[in-house]
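Throughout, numbering of the chain's residues begins at 1 and tracks the sequence. Small disclaimer: the values here were computed from a predicted structure and weren't measured.
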Amino acid sequence: MSSPAKLRVIQWATGGVGRAAIECVRNHPRLELAGCWVHSESKNGRDVGEIVGTGALGVTATTSIDDVLALDADCVMYSPLIPNDQEVIAILRSGKNVVTPVGWVYPDLDNPAVRAIADAAVEGGVTLHGSGIHPGGITERFPLMVSSLSSAVTHVRAEEFSDIRTYNAPDVVRHIMGFGGTPEQAMQGPMAALLESGFKMSVRMIADHMGFRIDPNIRTVQEIAVATADIDYDPFPITAGAVAARRFRWQALVDGEPVITAAVNWLMGEENLDPDWSFGERGERFEVEITGDPNVSLTFKGLQPETIAEGLQKNPGIVVTANHCVNAIPDVCAAEPGIKTYLDLPLFAGSAAPRLAVRS
């Protein structure tokens, strides 16, 4: 019996997540790369393998959205820095499924903008699935899974502790995340708004699925630590008084008390910070904690690099963000049209390394 035809995937953007997604597609037995959209004219017309640093892949990158939409493909892995609703609508109407780490993990279908995207998916006969890792996995999928080991749950927490020096996108770190600037600039910058939508959706998914009677508003808390002396960071100076760490926290409340918390802790290392924040004795990690009967906790290691140099070469957090999207593609393509979350899809998993896989 012959194996089913491979699903053809288009990669949208070739930043860190995009490059990792291309590698995951290449390793997946049911997927093949069919095309690639790029933002930069310097990448236009080049073989995708040349762009991502592998051998030639026989797929040419293009800046033309029309050319990409005209390709014969089953799914688009959509990973620009900032999502564009009209792009997503056009992709869906062209009859291509979408997986993405930049939104829609648990969207409100009463929102007109979300409804327009859902309608486009139905019109195209395809599915949109928002995924990723934080938000996108650590904040919803894994807490829900772990919570099944407990009862009478009173609090669910998902939290990240990361050294941001390992994130190889200095323009994003400076101008979007707000590191190296003044606290006032950081607080007024775009980072909170960019994070807020995804993490609030994560919190609401857990509340709805576990039956928490939460207050209407999700509480948002931002905190900043500044450098007390110069911090070694090659791309740009982190001088005394500049932003050197950020904390974000989103909490669902019942009668004013937190019952669900999603949190991010981003530090430029652990030295010369005011307040004197640290990662704690367990170091960089992701945590999921369920307070109930009994209390259950799960710590994820390996999603952050061992060293700064390793992270700048290949950051595991970026790779797992891409993998969690790409590994969902077969089930997303098989789903009914519309917007589908983890709650709508079957359990999906990674695939065996090609050298260990069953031969067709």
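A donor and an acceptor atom, one from each side chain of Ser79 and Gln11, are located under 3.5 Å apart. A side-chain donor from one of His155 and Thr261 sits under 3.5 Å from a side-chain acceptor of the other. No side-chain N or O of Thr299 forms a donor-acceptor pair with one of Glu287 less than 3.5 Å apart. In this structure, a donor-acceptor pair under 3.5 Å is absent between the side chains of Arg247 and Gln222. Residues Ser162 and Glu284 bring no donor and acceptor atom of their side chains to less than 3.5 Å of each other. No hydrogens or angles considered: nothing links the side chains of Thr62 and Ser64 as a donor-acceptor pair under 3.5 Å.
Residue Thr239 holds its OG1 atom at 14.0 Å from OH of Tyr233, rounded to the nearest 0.5 Å. A distance of 9.5 Å separates CG in Asn295 from CD1 in Ile290, rounded to the nearest 0.5 Å. The line from CG of Leu33 to CD1 of Ile10 is 9.0 Å long, rounded to the nearest 0.5 Å. For the atom pair CE (Met210) and OG (Ser150), the distance works out to 7.5 Å, reported to the nearest 0.5 Å. Of the inter-residue distances, the one linking Asn327 atom CG with His28 atom NE2 reads 5.0 Å to the nearest 0.5 angstrom. With rounding to the nearest 0.5 Å, the separation of CD1 in Ile176 from CG in Leu81 is 4.5 Å.
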**OP:** Check step by step if side-chain contact (heavy atoms from CB on, under 4.5 Å) holds for Met77 and Val17.
**Re:** CA-CA 10 Å; Met77 166 55 176; Val17 172; 3.8 Å; yes
- Query: Run the side-chain contact (heavy atoms from CB on, under 4.5 Å) check on Tyr106 and Lys200 step by step: do they pass?
  - Reply: CA-CA 9 Å; Tyr106 190 61; Lys200 284 187 174 181; over 6 Å; no
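Aromatic ring centres of Phe348 and His324: separated by under 6.0 Å. Proximity of the aromatic rings of Phe300 and Phe142 is defined here by a centroid distance below 6.0 angstrom, and this criterion is met.
In this structure, the side chains of Ile260 and Pro258 stay at 4.5 Å or more apart for every pair of heavy atoms. For the pair Val38 and Trp12, the minimum side-chain heavy-atom distance is 4.5 Å or more. Counting heavy atoms from C-beta on, the side chains of Ser131 and Pro101 never come closer than 4.5 Å. At least one side-chain heavy atom of Ile117 sits under 4.5 Å from a side-chain heavy atom of Leu128.
For the pair Arg285 and Phe161, the cation-pi criterion (under 6.0 Å, within 45° of the ring axis) is fulfilled.
Of the charged side-chain nitrogens involved, none lies within less than 4.0 Å of a carboxylate oxygen, so that Lys43 and Glu50 do not count as a salt-bridged pair. Arg26 and Glu32 are not joined by a salt bridge, as no carboxylate oxygen comes within less than 4.0 angstrom of a charged side-chain nitrogen. Between Arg115 and Asp119 there is a salt bridge, with a side-chain nitrogen of the basic residue lying less than 4.0 Å from a carboxylate oxygen of the acidic one. A salt bridge links Arg213 to Asp255: at least one charged side-chain nitrogen sits closer than 4.0 Å to a carboxylate oxygen.
With hydrogens and angles ignored, the 3.5 Å screen pairs no side-chain donor or acceptor of Arg157 with any backbone N or O of Ala263. Of the possible polar contacts, none joining the Thr166 side chain to the Ile308 backbone as a donor-acceptor pair under 3.5 Å is found. Checked by atom type and distance alone, the side chain of Asn97 never pairs as donor or acceptor with a backbone atom of Val126 at under 3.5 Å. In this structure a side-chain-to-backbone donor-acceptor pair under 3.5 Å is present from Asp74 to Arg8. With hydrogens and angles ignored, the 3.5 Å screen pairs a side-chain donor or acceptor of Lys96 with a backbone N or O of Leu71. Within the 3.5 Å criterion, the main-chain N or O of Thr63 finds a donor-acceptor partner in the side chain of Asn44.
Environment of CD in Gln313: sparse, with no more than 12 heavy atoms of neighbouring residues, nucleotides or ligands closer than 6.0 Å.
In this pair, Phe248 and Trp266 present their aromatic rings perpendicular. The plane angle is above 60°, beyond the 30 to 60° band.
Summarising the geometry of Cys75 relative to Cys333, their closest heavy-atom pair is CB-SG, 4.0 Å, with the distance given to 0.1 Å.
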